[in-house]
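Bear in mind that the values here come from a model prediction, so they are computed numbers and not experimental data. The sequence lines fix the lettering, A, B, ..., with proteins before strands; numbering per chain opens at 1.
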Amino acid sequence: MKHIFELSVPGRIGVDAGGVSAGADALLDERFRRQSDSRLPEVSELDVMRHYIRLSQLNFSVDTHFYPLGSCTMKYNPKVNEAMSALPGFADTHPLMAYIGEEHVQGCLELIYNLSSMLAEITGMKDVTTQPYAGAHGELTGILLMAAYHKSRGNKKKFVIVPDEAHGTNPASAAMGGYTVISIPVDKEGGMDVDLFREKMNDEVAGVMLTLPNTLGLFHRRICDIVEIARKHDAILYNDGANLNAILGKVRPGDIGFDIVHMNLHKTFSTPHGGGGPGAGVVAVSEKLVDFLPSPSVVKTPQGLYKIDFNHDKSIGPMASFFGNFGVLVRAAVYIMMLGREGLIDVSEKAVLNANYIRVKLKEYYDLPIDRTCMHECVFSARRQVQKNGVHAIDIAKALIERGFHPPTIYFPLVVDEAIMIEPTETESKETIDGFIEAMIEIAKLSETDPERIKNAPNNTPVSRPDETRAARELKLTCNL
Amino acid sequence: MKHIFELSVPGRIGVDAGGVSAGADALLDERFRRQSDSRLPEVSELDVMRHYIRLSQLNFSVDTHFYPLGSCTMKYNPKVNEAMSALPGFADTHPLMAYIGEEHVQGCLELIYNLSSMLAEITGMKDVTTQPYAGAHGELTGILLMAAYHKSRGNKKKFVIVPDEAHGTNPASAAMGGYTVISIPVDKEGGMDVDLFREKMNDEVAGVMLTLPNTLGLFHRRICDIVEIARKHDAILYNDGANLNAILGKVRPGDIGFDIVHMNLHKTFSTPHGGGGPGAGVVAVSEKLVDFLPSPSVVKTPQGLYKIDFNHDKSIGPMASFFGNFGVLVRAAVYIMMLGREGLIDVSEKAVLNANYIRVKLKEYYDLPIDRTCMHECVFSARRQVQKNGVHAIDIAKALIERGFHPPTIYFPLVVDEAIMIEPTETESKETIDGFIEAMIEIAKLSETDPERIKNAPNNTPVSRPDETRAARELKLTCNL
Amino acid sequence: MARFTPHTDRDVRQMLDDIGVESVDKLFTDIPKNLRPESFDLPAGKSENETVSIFNDLARRNRTDLVSFLGGGYYDHFIPAAVDTVSSRSEFFTAYTPYQPEASQGTLRAIFEYQTMIAGIAGLDYANASLYDGGTALYEAIAMAVRTNNRKKVIVDAGVNPLFKRIIRTYVINIDVDIIEVDLKEIYTDTDRLEAHLDENTAALVVQNPNFFGIVNDFGELFEKAHTSGIVNILVFYPISLGIIKTPGEMKADIAVGEGQSLGMPLSFGGPYLGLMAVEKKFVRKMPGRIVGETVDRDGRQSFVLTLQAREQHIRREKATSNICSNQALCALRAVVYLSLMGKEGFRNTALLCLERAEYMKAQLKKIKGVRVMDGQTFNEFTAVLPLPAGDFVDRMFAGGFAAGLPASVFYKDKDSHLIIGVTEKRSIKEIDDYAAAARKVLS
Amino acid sequence: MARFTPHTDRDVRQMLDDIGVESVDKLFTDIPKNLRPESFDLPAGKSENETVSIFNDLARRNRTDLVSFLGGGYYDHFIPAAVDTVSSRSEFFTAYTPYQPEASQGTLRAIFEYQTMIAGIAGLDYANASLYDGGTALYEAIAMAVRTNNRKKVIVDAGVNPLFKRIIRTYVINIDVDIIEVDLKEIYTDTDRLEAHLDENTAALVVQNPNFFGIVNDFGELFEKAHTSGIVNILVFYPISLGIIKTPGEMKADIAVGEGQSLGMPLSFGGPYLGLMAVEKKFVRKMPGRIVGETVDRDGRQSFVLTLQAREQHIRREKATSNICSNQALCALRAVVYLSLMGKEGFRNTALLCLERAEYMKAQLKKIKGVRVMDGQTFNEFTAVLPLPAGDFVDRMFAGGFAAGLPASVFYKDKDSHLIIGVTEKRSIKEIDDYAAAARKVLS
Ligand SMILES: Cc1ncc(COP(=O)(O)O)c(C=O)c1O
Ligand SMILES: Cc1ncc(COP(=O)(O)O)c(C=O)c1O
């Protein structure tokens, strides 16, 4: 298949930008002019359509395939979300209008305000910032909030504790925010080892980042002990809420005692993942951190007017240019509005039911390192297949692709070797899940009877087993022009 | 692959229609109630999306494949057409508003009015009706206009003359309109035989339906003689303008002397074909037929107000519920506005250039029954391949599918046996056309060296050579429920 | 100026050289010089950017702020966003008639499902896919009847949509078929009078349910009588009503036709809409339009193809069952997606909501002095008699932001004070209350 | 209430039985009873129909009738309809990060082309795909510089977008990097003063072109000087301007970052936008974010994969070049489609039109007594000094239907009468004339 550049023909026009007056370029002083070629293709609108529409057909996606990618909550994205975020009143509004004429953008401001309060209620927190663009961005926001909090109390702390099952963004965010990471292993229960935690804990610890339920899909039974220990040392409790989908209406980070939680709206609240983003990593905080939240924030005046407010002298400052990925916020607000209280609870119940159904049905075929009731996802290991037949998690993933399923997340969490992390989400039907289970069982059996079949999968895809080492070694990052 | 009904599970909900009060059905008298099951599927929104999106991927389309389907003008449809027709001001407007509050729908009425005048200018005609929903509907409109015209002059004529190269809708429309069809063969020049035409012509002939350029892609060199002969007998000259794409700005039906012309907006003016429709078959007429046009029509008052007008006592009456496929009219208006005068001329020039390029490049490989400069399409015959290797037009079509090209129209026009009717349209690039030519040549060669390969094509499609006789004999027209 | 011809000057030169023609003009020499256009006076081309602003302005000249109670056979029903997602798939909307099954199984399968669903909601055996709109579908049904029993007289109830009645009258101006319209009793379909008109020369009986004034009927008995004299019974239906109302099949209609706009089509000022037709088994080979059938391919795989093409114009020419070629396929696709999303329950509940809201509106209006709501079973549209000309009332309600309904006088000259009010599931209780309040003001 | 869980009661019962759990509640027993929510007070669910009307009302509470001359780094540029057609393809927008190349060649190839185009317009070697927005991209660039030369001082021109400057100040509150801001000469970037600040302890020099007041500069010489003391040159660019303006590459910038919103993203009240980053070869392995590379598969077929993942958080954890995971991939897709549609000529012409229209606006304003248009080369945004506070002027222009521009005082307290006016190719001559007329009225 050709690149768009290979379709290029000198002089061919796509979209006509409009009639430029002769000699318009004279309006730009010689010395400021671009000399080099922009290296853009010259193709027709039809060329562009055919090219990218055909490219799209090379993808697996939620709308075309079951996509149980663990930790990513690849649920169905209601199409009305898209329609609402595209309304001219939202899509065509300039963000600086909030700075120069808030009365003309009351709709946008009210939406942010209302979504914020709903998310505060969902998490049991005091206040919210919609600025973070994604989960990791929310984590960094949280880390900086910790720093500001401790600074305000005259403490400069050094460490942030992160259990080793945590997502890579947790330690990365802590480091980016200026802290040294102390990592704590999980115990055989699959949660952070509480005794080790108590040992490592000290007054230099600024905060603890806990994923709840964690990346093994488990709810920490001793969460209350952890909270208590952290409190003793005035360590901020940070909840990575990427897995909130499992506990909506069942338990709230705020009620547990967390001070900060980030949500991945693109996961829990069904905004499309877009091939890698955009997301939204809204952060909610408890009373004691409210003053430090990023500015500006959206407030409501007694007269019922919505406006932006910069008057937090303690604020860490802006984390984003404006209010975050507003278009994503609209989608999440539509989703929450449609489902409402009962609908959100139903989401968690069905997500957890689906995950446990898979867990139980597959555990005789794949090792289940921690055999406990799981929450929204279950994590298997291909250990058995590796030892007996040299079939690895990646081979199982490729065999699933061959059978028309997007693979689960593999090799994460790192604490499980040969991890196969399956998150079905609540929007998948029993029929779909049964089909997936069947495929997984068939693969497990073939791994024994005919392992080569699995190691050579997939055979029905545009490419198979690209050489990643070569890609990193020879580093070809742009098309030949 | 399953049908949507096979995905159905009792009690499963797709879109929630909204909360119905208990006992609402009591508002409908027992005896008027539906007793039988609606036999609709019970599926989730996700089921519906996956099902139909996957179905879509089984199609060839202009946006994914070269689609040189003769006589159908499968040109690229600019995406802005879609965006404009979806504007709430157009999409959400109730047509009866024109009857009860025209001042509130001036935008719609002005659009119809302006499009009508542009189409009148393009065809060189006096006035236009946008009511016909498609070409054939425009033909019937034209036939009824003929009838009304002759009736108004106290003549009840019996016949309509149609050359045998004409599209099937022509005789069908004439018959549906109450006339007996006289069909005239084409001469070796590929146009209606003028001498035979003169013979058959008499005062009982209500009209003559000519396709120009005709379905062989040829412009009738003696068109003026035909006009003159028809005039002598007060026969109405009808132009099937489905092929208008070839002659925009080059010649106008009105200037030639036609009294009626229908246009296929979905062809010439780039509105999407939708898998079989909707189209729009706008009809334009000369002075002497204006009074008979369908009612209502859109008029402009001296005050510049647009309104609908019923005051044609001579009108044949409405052909459609309102003003035709308005959404299609919007698309065509956008297209004409973007291209303008020069752009439309450019369309015809490039359409004709592309067609002749294919004609010349392929004529040594396939019989070209009439070897003349063609207009927007060229018609080959598979005669040679049939005689020498038993490879038929349909086999060539299937071999093209195997190679990623939608086939040309085959077995039409009927006057060419084993016809292969190729209309590339102007929106296709030389590169694409060269690729098609290559494929056609390869197929011609394979027909000699390895005819079975061609007769067994396609081998890379979801189905291959379905049994059509069985379909018609056993007649299964609904899914098993 | 926007341009969709990819040809560079070099391309043109090279193509001309390859085919040995010196200029593009030479390709048009078959067109006599004297026939070259006297004028071709069109505006200059514009960029997409400029064009968009022109059409935005035009669209803004239509009011989009009106709360609408305007029906008349075309309704402001809710359309799930997912319908657009599917119908805007390039592979669907830029394909054409599925002549080549190998390259069209997507469209063919969708249409096959559509045929199944339309037959299902109508309670009949088969459906075609598709016809232009409700009115032209009615004519096609009449033509089928005439072809069936070779009679010329067609009895049409005056309660059939006047827009449809006008179309069929246009269609018959040059063929010998007599349309005989049977009067209503005020706004009620008069089955006795209809029955009185039926005889051995009657080709077809045409009635609509609910009728244009919203009155719901059961035509079961009437149809039974008609059958005894070999008459073809044609019922004009409103698909949404079939969620709860007795079906054409249950009434023993032979042919059911309807306007499919309400199954996922925006009002779009009159089109594209969708002509629905469902028939009793024995009429299937007489149906006009596309029909998709199931078969197997050379390897025994389940396959779908256009079938019974021998009925159609491209084979039969003047002897075809109809001249229809391009139809409303994309609208049929929208309908099948709409019906799939609604499903059994959504389809029924939508109908119940319409009924419920309409009855609520009746209740509010009855409280207003001078307003008389006509009796009789209705579905989501009903008739009210006002103390002033309905047209004046509508004009004054516009000011309050309402499209208040359809004055019957638009089509029935004698019914000056009758207003036909349509209420869909999209109208909230609050909107109905506001309407009533505004009406009270206008009428006081 | 809308529901996207397909489970029927029967399904639930059967699944529970299969796994031997008696109730769904039992699946949540790990959650201590005492932690069950004190409250979960949310509105009741609504149907899609009801929800749509709520959000339509909300959207209507934003003015869409304003003719906008508001810029400030975010512009109302034209977006071809075809961009939406591609980005709304389900296969693109409901997929996630292309971890599995066999199931993601569509996204991978599109991103690869995106990298090529961004490098191309910036005149640099490589680009990543993608960062959150312009401001966060700037911080990532600074972090790269600091990692490269292990210095702490960052010199930032006051002419850099204040929104960006605020973000980087937030990012460094807990790490030891000093941001030193160098004042402007009124609205002009003062290269001499910048140069004076450069020394052996300087990690990076950050300038923007055009600067926030619209002034175009050539930083070639300054960058050359900076290089001599091992400083990393970071240029903040405006992608549309590169259609005609000297590129970061031509000025020898090491890292170029910019806000990609203008490449096909709607303004959407602040996002989703697109953080652009292009770098000179030697910085490639220090780049944050996704990078797609070309390779071959086991059968030698050209293939595309995420590469250099060893830089990223999911492998490197606390040692990663950045914490970024989800990014703005769909926006990058929109950008690559936008740039493909524009092509060489459209890209250049869009820039020329912007320049032309802005100069036309200048000419009109110069005719108005009391208005002083600041000198200096600009692109599509410029600064005018008004005889009254710019904020008051803007307020009064709203009444006339214009978003008149950005009062500099919003970000530069001392510049009370400076108005920053942005003009894109979407603004017609007529709109500009109307603006001038309205301004004349306001100022008289
Ligand atoms: C548990 C967990 N935490 C954090 C993140 C980071 O979120 P984002 O990708 O939105 O930055 C993810 C996303 O994959 C995650 O799964
Ligand atoms: C020459 C010609 N005439 C008439 C028609 C009928 O047009 P429509 O399909 O819009 O009814 C066609 C369409 O295929 C055609 O090609």
Can you label the angle between the D/Tyr74 ring and the A/His94 ring as parallel, tilted or perpendicular, going by 30° and 60°?
perpendicular
Please work out whether the ring planes of D/Tyr132 and A/His137 are parallel, tilted or perpendicular, with thresholds of 30° and 60°.
tilted
Honestly, is D/Lys246 close enough over A/Phe32, meaning NZ or CZ under 6.0 Å from the six-membered ring centre and within 45° of the axis?
no
Output, in order, the C-alpha distance, side-chain angles, deciding distance and verdict of ring-ring contact (aromatic ring centres under 6.0 Å, His included) for A/Phe323 and D/Phe269.
CA-CA 8 Å; A/Phe323 316 99; D/Phe269 205 58; 5.0 Å; yes
Taking the side chain as C-beta and beyond, is there a heavy-atom pair between [X] and [Y] under 4.5 Å?
| X | Y | value |
| --- | --- | --- |
| D/Val21 | A/Asn356 | no |
| A/Lys75 | D/Phe4 | no |
| D/Gln302 | A/His3 | yes |
| A/Met338 | D/Lys46 | no |
| D/Val86 | A/Met49 | yes |
| D/Leu308 | A/Leu475 | yes |
| A/Tyr76 | D/Thr5 | no |
| D/Pro6 | A/Glu426 | no |

Can you tell which of A/Ser38, A/Gly14, A/Ala134 has the highest number of heavy-atom pairs within less than 4.5 Å of chain D?
A/Ser38
Identify which part of [X] has an atom lying under 4.5 Å from any heavy atom of chain D, answering side chain, backbone, both or neither.
| X | answer |
| --- | --- |
| A/Pro407 | side chain |
| A/Leu69 | side chain |
| A/Glu428 | backbone |
| A/Ile53 | both |
| A/Val48 | side chain |

Tell me, for D/Arg348 versus chain A, whether the close heavy atoms (under 4.5 Å) come from the side chain, the backbone, both or neither.
side chain
Does any heavy atom of chain A fall under 4.5 Å from the side chain of D/Arg36, the backbone, both, or neither of them?
both
Taking all heavy atoms of [X] and all of [Y], pick out the closest pair and write down the distance.
| X | Y | value |
| --- | --- | --- |
| A/Leu477 | D/Gln115 | O-NE2, 2.9 Å |
| A/Ala172 | D/Arg317 | CB-O, 3.5 Å |
| A/Met319 | D/Thr136 | O-CG2, 3.9 Å |
| A/Ala147 | D/Asn174 | CB-CG, 3.6 Å |

After noting the C-alpha distance and the side-chain angles of D/Leu35 and A/Cys224, does the key distance pass the side chain to side chain contact (heavy atoms under 4.5 Å, CB included) rule?
CA-CA 9 Å; D/Leu35 289 184; A/Cys224 298; 3.9 Å; yes
Worked check of side chain to side chain contact (heavy atoms under 4.5 Å, CB included) between A/Leu96 and D/Leu406
CA-CA 8 Å; A/Leu96 283 170; D/Leu406 179 67; 4.1 Å; yes
Let's go through D/Phe92 and A/Leu55 carefully: what are the C-alpha distance in whole Å and the side-chain angles of both, what is the deciding distance for side chain to side chain contact (heavy atoms under 4.5 Å, CB included) to 0.1 Å, and is it a yes or a no?
CA-CA 9 Å; D/Phe92 279 132; A/Leu55 280 192; 4.1 Å; yes
Evaluate salt bridge (charged side-chain N to carboxylate O under 4.0 Å, His left out) for A/Arg221 paired with D/Asp30, printing each intermediate quantity in order.
CA-CA 6 Å; A/Arg221 295 203 182 110; D/Asp30 279 349; 2.9 Å; yes
Charged N to carboxylate O below 4.0 Å: is that the case for [X] and [Y]?
| X | Y | result |
| --- | --- | --- |
| A/Asp346 | D/Arg3 | yes |
| A/Lys430 | D/Asp11 | no |
| D/Glu250 | A/Arg34 | no |

Can you list the residues that meet the side chain to side chain contact (heavy atoms under 4.5 Å, CB included) rule with A/Lys476, with sequence neighbours excluded?
A/Asn480, D/Phe112, D/Glu294
Sorted by chain and residue number, the side chain to side chain contact (heavy atoms under 4.5 Å, CB included) partners of D/Ser322 (sequence neighbours excluded) come out as A/Met176, D/Glu140, D/Pro288, D/Ile324
Residues A/Tyr357 and D/Gln14: side-chain donor-acceptor under 3.5 angstrom:
no
